Structure formats: structure tokens, C-alpha cells
Q: 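Have a look at this one.
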Protein chains: 2
Amino acid sequence: MENAGEGSAEEGTVRMAGAQTLVRGLEVLTAVAHGPRKLPDLSEALGLTRSTTHRLATNLVELRFLNFTPRVGYSLGPKLLELGHLASRQMNLPRVAHDYLVQLSQQTGDTVHLGIRDADRALYLDKVQGSRRIEISSRIGERQPLRSTGIGKALLLDDSEQSLRQIYEDETRAFPGYRVGEAEWLERMHQYQKSGYAFDLEENEDRIRCVAAPIRDAGANIIGSISVSGAAQYMDDARMKLLIDQVIGTAGAISSEFGWASNTRP
Amino acid sequence: MENAGEGSAEEGTVRMAGAQTLVRGLEVLTAVAHGPRKLPDLSEALGLTRSTTHRLATNLVELRFLNFTPRVGYSLGPKLLELGHLASRQMNLPRVAHDYLVQLSQQTGDTVHLGIRDADRALYLDKVQGSRRIEISSRIGERQPLRSTGIGKALLLDDSEQSLRQIYEDETRAFPGYRVGEAEWLERMHQYQKSGYAFDLEENEDRIRCVAAPIRDAGANIIGSISVSGAAQYMDDARMKLLIDQVIGTAGAISSEFGWASNTRP
DNA sequence: TTACGAGTCCCAATTTGTGAGACTATGGCG
DNA sequence: CGCCATAGTCTCACAAATTGGGACTCGTAA
């Protein structure tokens with residue numbers, strides 16, 4: 001009852017339901033994505049004849065999905081810029097992320113949060129309650145400090161040293177009494193930045209620990225973050241270590257909905 | 001020598017060389033661009049049967065060019081974000097614009113410039129000499145003031161009142177002796193902002209007048225500008241008025257290479 | 001000049017896409 | 001509580017659209 005039983009994801013070219021021409025055309029598109037290509041390169045890369053490739057490419061050019069520059073090759077066209085931009089307007093993080101959050105919550109049994117950066121605070125956009133009987137005192141729409149929450153720290157993973165200092169000091173002014181000193185905090189943040197995740201070790205709320213990771217868009221910019229939070233009794237160091245992969249994995253899956261591809265290099 | 005003689009751009013569905021399925025699929029894509037659509041809407045809008053539309057859409061979803069949300073409809077997918085982003089990396093203004101500049105220069109007989117904003121100055125990236133025997137003392141790579149050049153003013157057409165004042169005052173400090181007063185200048189800029197073009201009335205260089213217009217990207221941001229410059233003797237008010245449409249037209253054509261679509265509304 | 005590579009075009013064979021409609025699932029309404 | 005309406009999914013026989021071999025045209029390099 002599955003569609004196309006032999007769905008072994010070989011290498012891009014999976015067998016699909018009746019739209020060969022469309023699929024091939026779009027494959028041309030993605031083949032060109034990695035840099036301008038000439039017709040023979042394309043036809044070889046896709047395993048198509050020159051005729052077919054040419055017809056496809058010509059149509060894509062006429063519809064402005066590709067540019068053609070004689071003696072240079074085909075490159076991505078304006079229509080993709082246009083659609084890409086419109087796509088980013090249509091996406092919205094909470095809607096796209098929600099299902100992933102639910103799934104992560106079920107896998108871990110813990111409460112999962114989604115947040116974005118709102119000026120100099122972390123703004124909580126979604127919360128999926130875990131199965132354990134622990135209440136976490138966060139609410140959707142609430143703004144929390146960046147420096148002491150998992151969500152917040154994950155949002156800072158691309159910030160410069162200077163920017164981090166700035167934030168730490170601003171928040172110290174606004175909320176005194178944070179128990180991690182500046183040097184120590186910066187040290188930890190550097191570690192998190194290298195590793196691609198962040199912890200909250202009962203810093204923001206007593207007895208609550210979190211594992212968090214950033215969500216990125218097509219430009220690799222951090223557009224949000226997720227965290228798994230639990231009572232310290234369930235969150236010993238060993239378990240937090242285990243959660244890292246799951247949290248990064250889920251964040252990565254959401255990121256790829258926003259066009260992020262781990263192999264995007266300038 | 002033209003491509004496709006009968007190119008009356010009726011309404012999306014133009015007849016083209018052998019790739020119906022591809023074209024239809026891409027039409028589905030652009031139909032979804034204007035907001036999430038349900039299957040029946042799509043099939044009616046494109047004049048296709050439900051079956052066909054569904055097959056196309058399904059394939060687009062599998063390739064991540066579309067998202068499907070039950071009970072909501074189809075929306076643009078992550079792959080478009082990804083390709084849009086890559087496309088913007090492949091584009092570069094001078095290369096894309098050059099041919100348009102040459103064409104505009106030939107049409108008008110005047111010298112045409114291309115510039116971008118570089119911090120608080122206008123940076124000249126390209127210059128196409130006109131047919132008249134007039135030397136204009138600009139050079140590619142040169143940085144000029146924003147407030148007194150056509151190129152510069154066109155770059156400011158989206159700036160706020162506050163930002164304009166700031167720039168005027170900064171440049172007054174750097175280059176005293178500009179003959180247009182602040183109030184007058186702001187007044188003119190407001191007029192230009194409303195109209196979508198800008199003049200340089202011998203402000204930057206004696207006896208030289210320009211007509212300029214901005215180039216926009218998919219997000220409607222101003223990414224550069226072009227200007228037609230000529231000796232004042234050839235550039236009376238009447239001729240400048242006539243040039244406006246040509247300059248705006250050329251700027252618009254370049255803009256559309258960058259995914260700008262005049263009908264892009266939030 | 002010849003040779004070559006890249007792009008363009010043509011046409012018969014047939015693979016592939018098409019559309020009518022049956023079928024399923026889901027939510028709203030009487 | 002069950003029935004209708006709506007949205008989406010799937011199948012199949014037919015025919016239309018796509019395919020690819022190869023010929024043709026440029027323009028550049030040798």
C-alpha cells in the first residue's frame with residue numbers, strides 16, 4: 001500500500017509517481033544550484049541526453065528559473081529569488097516547528113520549548129508539556145533573559161565575543177543576582193558555540209535544567225531555538241549528554257524546513 | 001533574431017517548446033506563491049483537472065518545493081528558500097546590470113552609471129560612456145557623496161526623514177559649500193521618494209545633470225541605482241522628464257533580475 | 001582553413017502524462 | 001447520531017507529450 005515500494009533513497013533520483021518531466025526539470029535546477037553549469041556537464045550529471053537537458057533548461061530559462069550566459073553556462077534565475085523571498089514570508093516558525101516539538105516531547109517525556117530572539121530577550125513562542133508531572137513556570141509569549149536560559153543561550157551561538165559581553169552586562173544591570181560570573185559564563189558560551197548546543201544548569205529557575213539547540217535558515221542565520229527542560233532529578237549529566245543528539249537532530253530537522261542545508265558554503 | 005516571436009505575455013500560460021509538465025508544475029509553484037492554496041483552488045486557477053494538479057503538487061511536495069498542511073493547503077517549501085539563497089549568491093549586480101546599462105546608454109546617447117551604497121557614500125561600480133563628446137569626471141571605484149549625486153539620492157529613496165537629516169548633516173561637515181539648503185533638500189527628497197526617481201541638477205558637478213532610479217531586490221530593498229548623466233545643454237527640464245520613464249524602466253528590468261516583483265506585498 | 005565544442009533543432013517511436021471518476025477520510029450540520 | 005459536503009487520494013485506458021538519435025549552425029581555437 002505504500003507508494004513505490006523500492007524507496008531506497010539512493011542518490012537524489014528516487015522513483016516517483018508520474019511526473020518525470022517535472023522531477024527532471026527540478027533536478028536540473030538543483031544541479032545548477034552548486035554553481036553555473038554548462039549543458040554537457042548537466043546532461044552527464046543527470047544522466048540525460050543533451051536534447052532532453054537542453055529542452056528542460058530552455059524552458060526553465062524562459063520561465064526565469066534559470067539564467068543562461070553564453071560561454072559560461074546556466075545559473076539560478078530571478079524567479080528563484082522571488083519565490084525564495086515569498087517562501088520566507090509564508091513560513092512561520094511556530095506552525096512549522098510544532099509537530100517536531102510534540103514528537104521530541106514524546107520521545108523524551110520532557111517539556112519542550114520554542115523561542116526566538118526579540119530584541120535583547122528570548123521570546124517563548126511554543127511550549128509542549130511533557131509526560132512527567134513537573135510544572136515549568138514558562139508561558140507562551142513570555143520574555144526571558146538570554147544569558148540564563150537554554151533557549152536564550154542557543155540563540156546566541158553565533159554572537160561575537162563583544163556582543164556576548166554586552167548582553168551579559170546589560171542583563172546584569174536589569175536582573176542582578178545571577179550566580180554565574182562573567183568570565184565563567186563567557187567560557188561556557190565559547191564551549192557551546194563550538195559544540196552547537198547549550199545547557200541551562202538551574203540558572204534561570206531552580207531545579208530546572210535544559211538542553212537547547214539553534215534553528216537556522218537558508219542563510220545559516222539563527223532564527224530560533226528549541227530546548228528540552230526537566231527537573232534536575234531527571235536531568236543528571238549523563239542524561240543531558242544523551243539528549244544533545246536528539247535536540248540537535250530536531251533543531252536540524254526544523255532548520256531544513258527553512259532551507260538550511262548543512263553543506264551550504266559561500 | 002528575437003526569441004519566440006509571438007511572445008504576447010497574456011496571462012502566465014504561453015505556448016512553449018515541449019515541456020508541458022515542467023511548465024505546469026512551475027505554474028503550480030507560482031500560483032502558490034501568492035499565498036497558501038487548496039487543491040481545488042489551484043486546479044481551477046490553472047485550468048487543470050484535480051488529478052493532474054494533485055500529481056504535480058504531490059511531486060513538488062516530495063521534492064520539498066512545496067509544503068502541504070492538511071486543511072490549510074499548499075505553501076512554498078524549504079527548497080525554494082535554499083535555492084533562493086543560493087541564487088542570491090550567484091548574482092552580482094555589475095555583471096547582470098552591464099548589458100542594460102549599455103542598452104540605456106545607446107538609447108539615450110548619454111553616459112550611464114551604476115552605483116551602490118557603501119557605508120555613507122555612493123560607490124560607482126560601472127560606467128558606460130555615451131556617444132556625445134562630453135567627459136564626465138567620474139571613475140569606476142570612486143566614492144561620491146550621497147546627497148548631491150543622482151546615484152546617491154536614488155539610493156536614499158527608502159530612507160527615513162531622520163536618516164536623511166543625518167546624512168545631510170554628516171556630509172555638510174565633510175564637504176561644506178553645497179548650495180542646496182537642508183530644508184530645500186529634504187523637500188526635494190520627499191518628492192523623489194514619492195515618485196521613485198531622483199535628479200541631480202548640477203549639484204555635484206558643474207554643468208552636469210542626471211536622472212537616476214533605484215534597483216531593488218526580491219525583498220524590495222534598494223541594492224543599487226543607475227543614472228543617466230549629460231551636459232546641462234542637452235539636459236533641459238523637458239528632456240529630463242522624458243528620461244524618467246526610460247531610467248525607471250531600465251532600473252525595473254534590472255530589479256526583476258534580482259527577483260523584485262512590483263506586486264510583492266506583505 | 002579545418003576541427004572542435006557548445007548549443008539548437010527536427011522527427012518518428014513510444015514512454016509518459018492525462019483526466020474521468022471511483023474511493024476514502026474528515027468535519028459540519030440538521 | 002448519522003448524513004452530506006468537501007478535500008484529498010488513487011486507478012486505468014487512451015493519446016498526447018516527451019524522448020533521444022542525430023543533423024545543423026555557430027563561433028573559437030589550432
Side-chain angles (χ1 to χ4, degrees), chain A residues 1-7 13-29 31-32 35-75 77 95 99, chain B residues 1-7 12-29 31-32 35-75 77 99:
Chain A
M1 216 126 278
E2 295 75 14
N3 40 352
E6 68 290 16
T13 316
V14 284
R15 198 166 307 271
M16 293 208 311
Q20 193 186 70
T21 309
L22 214 208
V23 174
R24 286 177 168 182
L26 298 175
E27 279 173 356
V28 169
L29 232 43
V32 172
R37 301 273 172 119
K38 300 193 178 192
L39 197 118
D41 301 338
L42 281 176
S43 61
E44 190 183 7
L46 300 172
L48 304 174
T49 59
R50 279 182 295 290
S51 304
T52 303
T53 312
H54 177 255
R55 186 160 9 87
L56 260 22
T58 302
N59 278 275
L60 288 167
V61 168
E62 290 193 41
L63 294 173
R64 312 203 320 140
F65 281 78
L66 287 183
N67 283 325
F68 176 62
T69 318
R71 315 210 51 69
V72 174
Y74 295 89
S75 56
R95 199 189 67 214
D99 289 348
Chain B
M1 216 132 278
E2 294 73 12
N3 39 350
E6 69 288 18
T13 315
V14 284
R15 198 166 308 270
M16 295 209 309
Q20 192 187 69
T21 309
L22 214 207
V23 173
R24 285 177 168 183
L26 297 176
E27 279 172 356
V28 169
L29 232 43
V32 172
R37 302 272 172 123
K38 301 196 178 191
L39 191 93
D41 301 338
L42 281 176
S43 60
E44 189 183 8
L46 300 172
L48 304 174
T49 60
R50 277 184 295 290
S51 305
T52 302
T53 312
H54 177 255
R55 186 161 10 85
L56 261 21
T58 302
N59 278 278
L60 289 167
V61 168
E62 289 194 43
L63 294 173
R64 312 201 320 140
F65 281 78
L66 286 184
N67 283 326
F68 175 63
T69 318
R71 317 218 106 268
V72 175
Y74 294 90
S75 55
D99 290 349

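Side chains included, hydrogens not; waters and symmetry mates left out as well; all remaining heavy atoms used. Because the structure is predicted, anything quoted here is derived from the model rather than measured. Residue numbers start from 1 in every chain, and the chains themselves are labelled A, B, ... in the order their sequence lines are given, proteins ahead of strands.
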Q: Which pair of non-hydrogen atoms, one from Asn59(B) and one from Ala19(A), has the smallest distance, and what is that distance?
A: ND2-CB, 3.3 Å
Q: Do Arg24(B) and Leu46(B) touch side chain to side chain, with heavy atoms closer than 4.5 Å?
A: no
Q: Check residues 68-75 of chain A and write down every donor-acceptor pair under 3.5 Å in which the side-chain atom is one partner and the other belongs to a residue at least two apart or another chain.
A:
none

Q: List the atom of Leu29(A), the atom of Phe65(B), and the distance in Å for their closest heavy-atom pair.
A: CD2-CE2, 4.1 Å
Q: Tell me the interatomic distance from Asn59(B), atom CG, to dG17(C), atom P, rounded to whole angstroms.
A: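 The answer, rounded to whole Å, is 9 Å.
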Q: With a 4.0 Å cutoff (strictly under), does any side-chain N or O of Thr49(A) reach OP1 or OP2 of dG20(D)?
A: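 Result: yes.
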Q: Could you pull out the closest heavy-atom pair between Ala31(B) and Leu42(B), with the gap in Å?
A: CB-CD2, 3.7 Å
Q: Is the phosphate of dT16(C), meaning OP1 or OP2, less than 4.0 Å from a side-chain N or O of Gln20(B)?
A: no
Q: Just jot down the salt bridge (Lys or Arg N to Asp or Glu O under 4.0 Å) partners of Arg37(A), sequence neighbours excluded, or say none.
A: none
Q: Leu56(A) and Leu22(B): which non-hydrogen atoms are nearest, and at how many Å?
A: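 Shortest heavy-atom contact: O-CD1, 4.0 Å.
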Q: Are there any protein N/O atoms within less than 3.5 Å of an N/O atom in nucleotides 4-7 of chain C, and if so, which ones and at what distance?
A:
from, atom 1, to, atom 2, distance (Å)
dG7(C), OP2, Leu39(A), N, 3.1

Q: Rounded to 10°, tell me the angle between the two end axes of the helix from dT1(C)-dA30(D) to dG30(C)-dC1(D), each built from five pairs.
A: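 About 30° separates the two local helix axes.
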Q: What does Ser51(A) touch in the nucleic acid at a heavy-atom separation under 4.0 angstrom: a base, only the sugar-phosphate, or nothing?
A: base
Q: Between Thr21(B) and dT18(D), is there a contact of a side-chain N or O with OP1 or OP2 at under 4.0 Å?
A: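 So the side chain of Thr21(B) is within the cut-off, an N or O lying under 4.0 Å from OP1 or OP2 of dT18(D).
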Q: Atom CZ of Arg55(A) and atom P of dC11(C): how far apart are they, to the nearest Å?
A: 15 Å
Q: Can you name the side-chain hydrogen bond (donor to acceptor under 3.5 Å, both in side chains) partners of Thr49(A), sequence neighbours left out?
A: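 Per chain and number, Thr49(A) pairs via side-chain hydrogen bond (donor to acceptor under 3.5 Å, both in side chains) with Thr52(A).
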Q: Could you tell me which residues satisfy side chain to side chain contact (heavy atoms under 4.5 Å, CB included) with Ser43(A), sequence neighbours excluded, listed by chain and number?
A: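 Scan of Ser43(A) (side chain to side chain contact (heavy atoms under 4.5 Å, CB included), adjacent residues dropped) gives Arg50(A), Thr53(A).
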Q: Check whether any side-chain N or O of Arg24(B) sits under 4.0 Å from OP1 or OP2 of dT18(C), and answer yes or no.
A: yes
Q: Nearest-Å distance, CG (Leu56(B)) to P (dA17(D))?
A: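 In whole Å, dA17(D) P and Leu56(B) CG are 14 Å from each other.
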